[in-house]
Amino acid sequence: MRDAQPGNIYLKDYEVPRFLIDKTELRVEIGDKDATVLANLTMRRNPASNYQGKSLSLHGVQLELQQLAVDGRALSKAEYEVNGEELLIHRVPDNFTLTSEVLIRPRENTSLEGLFKSRTMYCTQCEAQGFRKITYYLDRPDVMSEFTTTVVASKSECPVLLSNGNLHDWGALDDGRHWATWHDPFLKPAYLFALVAGDLSLVEDSFTTCSGRDVALKLYVEEKDIEKCGHAMDSLKNAMVWDEEVYGREYDLDLYMIVAVDDFNMGAMENKGLNIFNTSCVLAHPSTTTDDGFKRVEAVVAHEYFHNWSGNRVTCRDWFQLSLKEGFTVFRDSQFSADMGSATVKRVEDVNMLRTVQFAEDSGPTAHPVQPAYYMEISNFYTATIYEKGSEVVRMIHTLLGPELFRRGTDIYFERHDGQAVTIEDFVAAMADVSERDFTQFMNWYRQAGTPRLSVTSDYDPQQQQFSLHFSQSCPPTPECQEKQPYHIPVSVGLVTPSGDLPLDAKGNTTQVLEITQPEQTVVFEGITEAPVPSLLRGFSAPVKLSYPYTLDQLSFLMGHDSDGFNRWNAGQQLSIQLMQALVTDYREGTPLVLDQRLVEAFAKVLAETDTDKAMQALVLMLPSEYLLAELAEVIDVEAIHQVRRFMCRELGRELRDTWRATYLANSEKVFEMSGAAVAKRSLKNLSLRYLLNGASDDSLSLMHTQFMEADNMTDRLSALNGLVNDPREEARPLSEQALDKFYNDWQHEPLVLNQWFQTQAACVLPGGLERVKVLMEHPAFDFHNPNKVRSLIGVFCNSNLINFHDEAGEGYRFLADNVIALDKLNPQIASRQLTPLTKWRRYDLTRQALMREELARVLAEPGLSRDTYEIASKSL
Ligand code: TRP
Ligand code: ZN
């Protein structure tokens with residue numbers, strides 16, 4: 001255990017900053033061994049603070065202080081003290097300049113926070129609290145400053161020197177070093193600071209904004225990646241146009257830079273004018289990147305761009321408001337992706353992720369509200385709840401207000417708060433003002449953790465021609481809150497009959513948004529001449545767990561007749577889930593498994609459709625994941641879930657063999673294309689091939705093998721590789737091993753492709769998973785310091801390979817704990833994230849519970865544990 005246990009920080013303790021920093025001038029000199037940071041801060045007492053004292057407290061972590069001066073006078077040792085992560089200066093005037101010089105060690109910085117080295121470059125990551133690893137500062141988002149940054153480094157090692165804003169001046173020194181000075185005219189908090197120095201190549205383009213200003217767009221990557229920038233650049237330009245058209249937001253600097261780095265803790269970072277991206281979220285080429293990879297690049301590029309308004313121009317007052325920028329920005333990027341491709345496909349993908357990852361988080365020991373009331377380590381709060389549930393909450397406001405009022409709300413929000421650091425309440429107040437609605441009850445979505453349950457029943461009275469829906473809502477207790485207040489839930493409904501949707505108002509609208517606010521509430525529809533099947537929560541209008549006593553026949557009916565595309569998909573999922581849950585019970589009781597023919601018929605019908613989007617068809621034909629079934633189970637029986645899902649895939653593969661083959665052939669194209677239609681075809685084609693393989697058709701192995709050998713794109717190649725690797729048949733082994741070897745040999749120089757090679761093997765469900773992963777950890781291409789590699793191998797194995805990770809002997813748990821302990825010494829953010837699967841121990845049988853707890857306890861007992869890992873481990877036990 002640590003000497004001093006870290007404590008919680010509370011939202012209720014928020015205090016305005018005692019001092020402000022009007023100007024920040026930095027000179028960062030990068031040497032061969034270390035770096036020095038000279039900071040000149042123009043500071044003054046904050047008139048809004050009632051602090052009367054004379055002392056100044058600054059944040060600083062792992063800084064080696066060289067000199068410290070106030071108004072140019074060096075301070076003696078008696079005039080200040082360094083206590084842990086704070087520098088306390090005993091006396092400062094009301095207005096003054098603070099000068100400090102510190103030494104930092106970017107080459108030894110494995111946390112990837114602050115200034116660090118990755119391959120050929122130095123770069124920074126300051127969100128949330130990394131700036132304090134660069135210099136002593138008021139490292140909090142409500143202290144906004146005008147930054148001028150000079151970067152000095154060796155000209156040969158680091159020909160490119162970047163920071164936020166505009167390049168102001170540059171020059172050479174006579175010792176082989178050079179320098180560049182950048183100035184950012186926009187006030188910003190330190191978390192948006194960035195600096196890059198390295199050997200990078202440049203791809204350039206330009207954009208003319210709606211008011212006619214020219215913006216230079218610059219993408220900096222390693223020379224070898226120069227061919228992989230086109231998609232990110234196109235996505236950036238599309239995002240810039242979209243934000244002008246949909247939100248009226250124009251870009252504000254003359255320059256927009258993106259730098260790609262291989263070692264990065266998250267996807268990307270929205271630093272003002274200088275985004276830094278994980279290579280996996282910016283580089284894309286059909287030969288190395290799957291279609292899903294392309295979509296991800298588009299979404300992340302847009303997300304970071306949208307932050308320029310939702311996050312940078314209007315930022316967060318404190319980190320409890322994180323979802324103010326993240327939830328809103330995820331909502332914006334999801335609208336963008338929906339507009340760029342298929343809105344229904346995007347919605348299905350998002351809801352799938354929400355239901356698996358976020359719902360699981362919301363029902364576990366790390367559950368927290370979208371606006372948390374307390375935290376230990378803010379890095380642990382970059383979660384599915386803050387991001388994805390936060391986005392759902394903004395989406396509900398959009399649903400309640402409608403697009404026009406919502407847009408007026410965002411206009412007012414941006415206008416009122418431009419240049420300010422604000423709260424979630426400020427955002428909601430803008431929405432309340434334009435709509436004259438009361439959001440008091442709605443705020444429960446932000447303040448209460450947990451996923452509400454909404455149970456619905458109905459009755460139909462043919463005499464009165466009335467159809468009634470009875471709603472009942474509740475929310476299970478979560479660690480921070482036992483008794484939940486009822487939520488304000490927008491429920492979008494339609495009433496479906498064999499002849500179509502019934503009109504619900506005089507205008508003939510067939511969808512209506514009901515507002516459920518009471519624990520129990522009944523809504524009556526008048527003039528209903530036949531008993532309809534209700535289509536509830538269309539488009540997934542609220543992040544709740546809905547239950548309605550649908551029969552299997554009603555679900556099949558909705559699958560074929562609901563006018564809401566999302567709910568057609570959802571009906572199919574519910575149908576599969578009901579059947580699979582029943583089979584799980586059969587499996588546990590030793591009853592032989594039999595597949596309900598209604599599912600085969602439903603699948604056959606979907607496969608026969610000719611006018612549906614093929615991407616949507618593929619999604620409907622994809623069975624719910626093991627992960628989702630686990631999330632839904634009372635007690636997770638990994639083995640039963642795995643066997644039942646395999647059984648269903650095999651039966652569907654066998655029963656519809658000829659149709660799968662025909663669909664495979666009909667959707668195979670000779671020439672590669674990147675269009676939406678071509679992507680959709682590929683997804684349906686690869687799904688069909690997978691069912692052929694699952695059904696163990698004789699020709700499936702050779703079809704897979706041929707596709708692997710002849711593929712001219714990564715989607716087809718990887719899909720075939722996955723199929724081969726997971727095929728349990730003996731005759732598949734040599735083909736699978738050959739394919740893995742060939743894949744490695746062909747792509748060994750592409751780190752991003754090797755990530756996929758690791759992922760494929762880490763996810764392989766055949767027995768012996770842990771041994772395979774342990775062998776791969778010794779592979780020369782594996783790198784424990786690189787988060788993408790750790791996530792690809794350890795993360796995928798522990799999160800997605802349920803059957804192997806949860807092996808009864810508990811070796812998987814021991815493996816994860818060992819790795820978390822080792823990672824924690826290098827990179828606490830990554831270590832604590834990897835710990836997640838063990839935190840879910842309560843969901844398993846008693847034997848596994850004990851094994852998982854034991855490993856968690858072992859992690860927690862580790863001396864010198866980081867605050868990050870300590871928080872997650874201690875909350876979980
Ligand atoms: N603000 C970033 C985003 O969502 C998230 C991020 C990037 C981050 N790097 C980080 C958060 C490091 C914490 C630590 O776009
Ligand atoms: Zn973000």
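Atoms considered below: every heavy atom in the structure, side chains included; atoms not considered: hydrogens, waters and symmetry mates. Only a predicted model underlies this, so the values are computations on that prediction, with no experimental measurement involved. Indexing begins at 1, ligand by ligand and atom by atom, following the structure's order.
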Atom indices of ligand 1 within 4.0 angstrom of [X] heavy atoms, with elements:
X	value
His303	3 (C), 4 (O), 15 (O)
Glu270	1 (N), 2 (C), 3 (C), 15 (O)
Tyr387	2 (C), 3 (C), 4 (O), 5 (C)
Glu304	3 (C), 15 (O)
Lys325	1 (N)
Gln125	9 (N), 10 (C), 12 (C)

Looking only at N/O atoms, are [X] and ligand 1 under 3.5 Å apart anywhere?
X	result
Gln829	no
Tyr382	no
Glu127	yes

Please confirm whether [X] makes a cation-pi placement over [Y], using NZ or CZ under 6.0 Å from the six-membered ring centre and within 45° of the ring normal.
X	Y	value
Lys188	Phe147	yes
Arg317	Tyr14	yes
Lys789	Phe758	no
Lys117	Tyr122	yes

Quiz prompt | Contact partition for Ala268 relative to ligand 1, non-hydrogen atoms under 4.0 Å | solution = backbone

Quiz item: Among the heavy atoms of Glu113, does any lie under 4.0 Å from an atom of ligand 1?
Solution: no

Quiz item: In terms of the angle between their ring planes, are Tyr251 and Tyr256 parallel, tilted or perpendicular, with boundaries placed at 30° and 60°?
Solution: perpendicular

Exercise. Classify the ring geometry between Tyr247 and Trp242 as parallel (under 30°), tilted (30 to 60°) or perpendicular (over 60°).
Key: tilted

Practice problem: Check whether any N, O or S atom of Glu326 sits under 2.8 Å from the Zn ion (ligand 2). | Solution: yes

Quiz item: What do you reckon, are the aromatic ring centroids of His59 and Tyr136 less than 6.0 Å apart?
Solution: no

Exercise. Would you give the angle at the Zn ion (ligand 2) between His307 atom NE2 and His303 atom NE2, to the nearest 10°?
Key: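 Rounded to 10°, it measures 100°.
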
Self-check item: Sole candidate of Arg332, Arg249, Lys237 that passes salt bridge (Lys or Arg N to Asp or Glu O under 4.0 Å) when paired with Asp243
Solution: Arg332

Exercise. Around atom 8 (C) of ligand 1, find the nearest protein heavy atom and jot down its residue, atom name and distance.
Key: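 Going by distance alone, atom 8 (C) of ligand 1 is nearest to Met266 CG, 3.5 Å.
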
Practice problem: For the residue pair Phe442 and Ile397, establish whether any side-chain heavy-atom pair is separated by less than 4.5 Å. | Solution: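 Touching, per the 4.5 Å side-chain cut-off.
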
